[in-house]
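Below is one structure, written out as structure tokens; comments come after it.
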There are 2 protein chains.
Amino acid sequence: MKLNSEIIEKFYNILGKENVFTDRETLKHFDYDATERHFLPDIVITPENSKQISEVMKICYENEIYVTPQGGKTGLSGGCLPVKGGVVISFKKMNKIIEIDDKNLTAIIEPGVISADFQKAVKEKGLFFPPDPSSTVESTIGGNVAENAGYTRAVKYGVTKDYILGIEAVLPNGKIVKFGGKNIKDVTGYDVIRLLVGSEGTLAIITKIIVKLLPLPEYRKTLIGYFDNMKVAADFVANIFQHRIIPTAIEFMDKITMNAVENYLNIKLPEAETMILVEVDGNKASCEEDAEKIFSLYKKFGAKDVKVAKDEKEADRFWTIRREALPSLKAKGLDQLEADIVVPRYFLPDFVEKIHKLAENQPIEVATYGHAGDGNLHVTIMYHKSSFDELVSANELLKKYYIEAVKLGGSISGEHGIGITAAPYLNIQLGENEIELLKKIKKAFDEKGILNPGKIFDYEE
Amino acid sequence: MKLNSEIIEKFYNILGKENVFTDRETLKHFDYDATERHFLPDIVITPENSKQISEVMKICYENEIYVTPQGGKTGLSGGCLPVKGGVVISFKKMNKIIEIDDKNLTAIIEPGVISADFQKAVKEKGLFFPPDPSSTVESTIGGNVAENAGYTRAVKYGVTKDYILGIEAVLPNGKIVKFGGKNIKDVTGYDVIRLLVGSEGTLAIITKIIVKLLPLPEYRKTLIGYFDNMKVAADFVANIFQHRIIPTAIEFMDKITMNAVENYLNIKLPEAETMILVEVDGNKASCEEDAEKIFSLYKKFGAKDVKVAKDEKEADRFWTIRREALPSLKAKGLDQLEADIVVPRYFLPDFVEKIHKLAENQPIEVATYGHAGDGNLHVTIMYHKSSFDELVSANELLKKYYIEAVKLGGSISGEHGIGITAAPYLNIQLGENEIELLKKIKKAFDEKGILNPGKIFDYEE
């Protein structure tokens with residue numbers, strides 16, 4: 001059933017007219033995300049609490065109206081796009097930090113809280129919320145939870161899911177459920193919390209989040225160095241762990257990405273095959289000791305131009321080189337296909353080698369950079385959309401990369417989600433039995449399939 | 001349908017006669033766990049691979065025969081007990097460590113591997129698998145995964161679920177599914193892995209496990225001290241975190257438990273309301289620095305008899321005091337009810353106070369000890385079963401404790417699972433909507449309800 005004036009009237013009653021939008025001008029502000037694809041919703045609502053969402057969902061469930069929850073629209077897989085129209089629930093007005101509990105090291109937040117605002121608020125209390133995706137100034141915590149967002153510190157601190165202790169959510173049928181709380185341990189019933197984290201808004205609408213906080217590390221130490229051979233770099237990385245050090249981050253860029261950064265920032269980097277940045281954090285004594293060991297390892301494995309940041313400012317400069325990878329590649333002005341691939345950490349060089357080999361003799365350039373510490377790399381295929389040959393080649397290449405990653409025991413998405421962009425490739429990683437099971441889980445939550453349709457296994461080209 | 005000779009014949013064909021047991025003598029070896037309750041299975045099988053399990057499950061599914069997977073029988077909630085008879089699948093013969101990959105810091109193991117054997121094997125390679133429940137010499141990794149077992153190091157290292165990267169499992173209908181791999185990040189599809197971890201063998205039969213390993217910490221430092229006031233002790237604990245230290249373990253015992261330990265070990269402990277043991281690990285420099293800070297904090301908060309272990313031997317002696325809590329209480333020779341309760345860390349003293357207050361003027365003694373660092377405490381109610389009054393009081397008290405814990409935002413199980421022992425109290429923590437959702441998830445996996453029946457929400461008194 002389509003939305004009609006009777007239903008819209010009901011929405012007015014539940015939400016107030018100020019929270020219901022149907023004019024095209026407004027709708028256009030909710031039709032996109034970072035994938036730059038556009039799908040216009042039929043209506044946008046900005047609820048102020050979970051009770052309103054529950055009431056709305058009851059109506060939508062009864063009338064089989066599609067609903068798509070939406071956060072900061074920074075997603076890279078299309079998770080928040082209303083691909084089949086219907087209602088978009090925007091969390092703009094559910095953006096309160098309800099509590100920061102510095103005794104239990106927890107916080108209670110609404111899903112619409114902007115990541116950076118939350119980061120700032122906890123830091124002011126000497127606390128630390130590790131999950132901090134690069135979209136932090138725009139992305140919402142709700143979106144990060146829905147996508148199980150990753151970030152550079154995942155090597156040591158894990159991903160978003162490792163920090164979610166409790167969730168309140170509205171089921172597609174409008175029922176409100178609460179799981180977990182402020183407890184680090186809780187084995188009562190199935191782990192619905194972690195099932196919802198990373199479910200890309202397809203199972204339930206998250207309306208409240210209880211997160212775990214850590215004490216803010218007192219110190220960090222950042223190192224950078226360049227290797228001529230990526231396999232040697234991988235041995236260097238393995239050796240760091242063998243020296244009983246768990247770094248906060250280990251980041252890398254390949255040569256093509258380095259060249260792009262050089263042009264974009266107008267700097268000169270050493271001639272090398274790969275850059276490796278390593279950061280450790282913790283108390284001062286341990287950071288100094290670890291940094292010394294890592295410095296020797298860089299040298300032992302033949303890295304050039306190894307530097308230990310002497311202060312925060314220099315550390316930030318090292319990070320800038322890595323952080324500008326994506327903008328630098330974008331600045332080349334070519335059309336791009338991006339993949340968020342994972343392979344087991346030590347197999348990264350094999351995969352990078354494969355990436356470049358498969359792109360040889362093609363009218364296409366491929367760059368890669370990412371998280372060497374956890375095997376998650378971002379592959380950017382650059383081509384001219386206007387050339388049909390290049391378009392076909394680029395898409396063929398993308399598929400080949402997914403296949404090669406899975407052959408190495410990897411995954412087709414490490415932190416961006418499947419959404420619509422990776423959905424056509426889902427069956428490369430998951431077999432029939434696995435996909436069938438996912439569909440059954442979906443059905444257990446959403447019998448009628450009204451919540452965030454057209455995503456993951458529900459994709460239609 | 002009941003098992004009959006035709007079906008047993010099929011089992012012989014699939015498994016070989018040597019892996020199928022129907023004689024009462026043998027069955028009696030598989031009818032109990034650490035809850036000391038007994039339920040005789042109709043048949044026990046000891047499969048050697050997942051293919052055999054798949055074939056068996058197809059037959060059981062078709063004929064609606066109950067199946068209960070069983071590990072080391074050390075569970076404290078009855079998770080592995082065949083409460084409705086049927087088939088017990090024992091993992092005795094699926095106990096191989098298939099691979100320890102010291103480059104990717106992962107291992108692949110079969111579910112029947114004994115925890116301690118695995119601990120030993122990874123340690124020999126300089127690696128570390130943090131989840132190490134106290135039942136380590138008998139419990140299997142499969143059982144620990146099924147129950148999402150906790151342990152003393154959870155403060156810093158998290159619980160079992162935080163170390164499971166990949167799972168192969170046989171669904172009740174016999175289909176084999178594989179999720180995850182050696183990757184730290186993977187957001188492809190729903191997080192079925194963490195749904196299975198802690199599902200107490202009710203959703204699928206886990207047949208292979210890929211775990212994450214860490215480098216072995218090079219050093220540890222253990223401290224012990226005694227407080228006259230538990231609320232002060234809680235402030236001491238909160239202050240450790242405020243000093244930016246994340247200890248490996250923070251353990252406590254109340255006075256009654258201390259007295260029991262004194263009698264059992266024939267030692268003298270300081271007169272105090274609570275003992276607090278703190279351990280840190282990491283590199284030497286950081287441990288020394290942290291231990292110094294923690295020592296000052298003990299003093300600042302007025303602890304008595306504070307000691308820093310000067311070597312491994314003394315550290316082990318401190319731990320012995322804590323580890324002998326359960327045996328010491330058992331040695332009192334009384335009947336016991338045990339609860340595995342969690343409250344938010346900082347509310348522990350409020351809860352302990354409540355525990356003792358509710359037990360006042362009762363012909364019953366209640367002791368508590370556990371993990372102060374994560375709010376998970378074990379409550380032991382001691383009484384005489386032979387006295388009907390005491391039996392009633394003990395059970396009433398247990399229920400009150402669960403209610404009080406949930407009032408404080410806690411949980412009725414932190415690490416032992418719900419199984420059958422906590423099942424009658426499930427609705428204290430979870431409401432109708434939540435339990436309905438759990439049942440729907442169960443149905444998505446196990447349409448006919450044949451796998452490990454009678455547990456969690458499926459309990460009948």
Side-chain angles (χ1 to χ4, degrees), chain A residues 103-105 148 150 154 159 162 175-177 179 181-192 194-195 198-199 214-218 238 241-242 244 246 282-283 285-286 289 342 344-346 374-376 409-415 417-418 429-430 433-434 437-438 440-441 443-444 456, chain B residues 103-105 148 150 154 159 162 175-177 179 181-192 194-195 198-199 214-218 238 241-242 244 246 282-283 285-286 289 342 344-346 374-376 409-415 417-418 429-430 433-434 437-438 440-441 443-444 456:
Chain A
K103 296 293 193 214
N104 286 306
L105 297 187
N148 187 19
V159 292
D162 300 310
K175 290 187 181 176
I176 298 176
V177 292
F179 288 95
K182 292 184 177 183
N183 309 297
I184 296 166
K185 284 176 175 173
D186 185 352
V187 293
T188 304
Y190 303 139
D191 192 350
V192 176
R194 271 158 207 87
L195 184 56
S199 65
L214 297 179
L216 195 64
E218 70 175 33
F241 291 98
Q242 274 156 18
R244 302 184 172 187
I246 304 173
N283 71 25
S286 105
E289 191 180 317
V342 191
R345 182 161 51 210
Y346 191 66
D374 56 35
N376 183 200
S411 164
I412 66 169
S413 184
E415 55 184 14
I418 301 299
Q429 186 178 341
L430 300 182
N433 291 351
E434 288 80 10
L437 184 63
L438 297 187
K440 282 185 181 173
I441 294 171
K443 212 160 183 185
I456 313 177
Chain B
K103 296 292 193 214
N104 286 305
L105 296 187
N148 188 18
V159 291
D162 299 309
K175 289 186 183 177
I176 298 176
V177 292
F179 288 94
K182 293 185 176 183
N183 309 297
I184 296 166
K185 284 177 175 172
D186 184 351
V187 294
T188 303
Y190 302 140
D191 192 350
V192 175
R194 271 158 208 86
L195 185 57
S199 66
L214 297 179
L216 195 64
E218 70 175 31
F241 290 97
Q242 273 155 19
R244 302 184 172 186
I246 304 172
N283 71 26
S286 106
E289 193 181 317
V342 190
R345 181 163 51 210
Y346 191 66
D374 57 35
N376 183 199
S411 166
I412 66 169
S413 184
E415 54 184 15
I418 301 301
Q429 185 177 343
L430 299 182
N433 291 350
E434 288 80 10
L437 184 62
L438 297 188
K440 282 186 181 171
I441 294 170
K443 210 158 183 185
I456 314 176

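Just so it is clear, the values below take in all heavy atoms, side chains as well, and ignore hydrogens, waters and symmetry mates. All chains are named by letter (A, B, ...) in the order of the sequence lines, taking the proteins before the strands, and each is independently numbered beginning at 1.
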Is chain A contacted by the side chain of [X], its backbone, both, or neither, given a heavy-atom distance below 4.5 Å?
X: B:Val342; value: both
X: B:Leu438; value: both
X: B:Asp186; value: both
X: B:Asp162; value: side chain
X: B:Glu218; value: both
X: B:Leu430; value: side chain
X: B:Lys443; value: neither

Winner by heavy-atom pair count (cut-off under 4.5 Å) against chain A, out of [options]:
options: B:Ile456, B:Leu105, B:Leu437; value: B:Leu437
options: B:Leu214, B:Ile441, B:Val192; value: B:Ile441
options: B:Lys103, B:Lys440, B:Lys182; value: B:Lys103
options: B:Gly417, B:Ala238, B:Pro344; value: B:Pro344

Locate the shortest heavy-atom distance separating [X] from [Y]; write the atom from each residue and the value.
X: B:Pro215; Y: A:Phe241; result: CB-O, 3.2 Å
X: B:Ile176; Y: A:Glu434; result: O-OE2, 4.1 Å
X: B:Thr188; Y: A:Ser413; result: OG1-N, 3.5 Å
X: B:Leu216; Y: A:Arg244; result: O-CD, 2.9 Å
X: B:Glu289; Y: A:Ala285; result: OE1-CB, 3.1 Å
X: A:Arg345; Y: B:Ile184; result: NH1-CD1, 3.6 Å

Step-by-step salt bridge (charged side-chain N to carboxylate O under 4.0 Å, His left out) determination, A:Lys185 to B:Asp374: CA-CA 7 Å; A:Lys185 284 176 175 173; B:Asp374 57 35; 3.1 Å; yes

Backbone N/O of A:Tyr346 and side chain of B:Asn104: donor-acceptor pair under 3.5 Å: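 Between the backbone of A:Tyr346 and the side chain of B:Asn104 there is a qualifying donor-acceptor contact (under 3.5 Å).
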
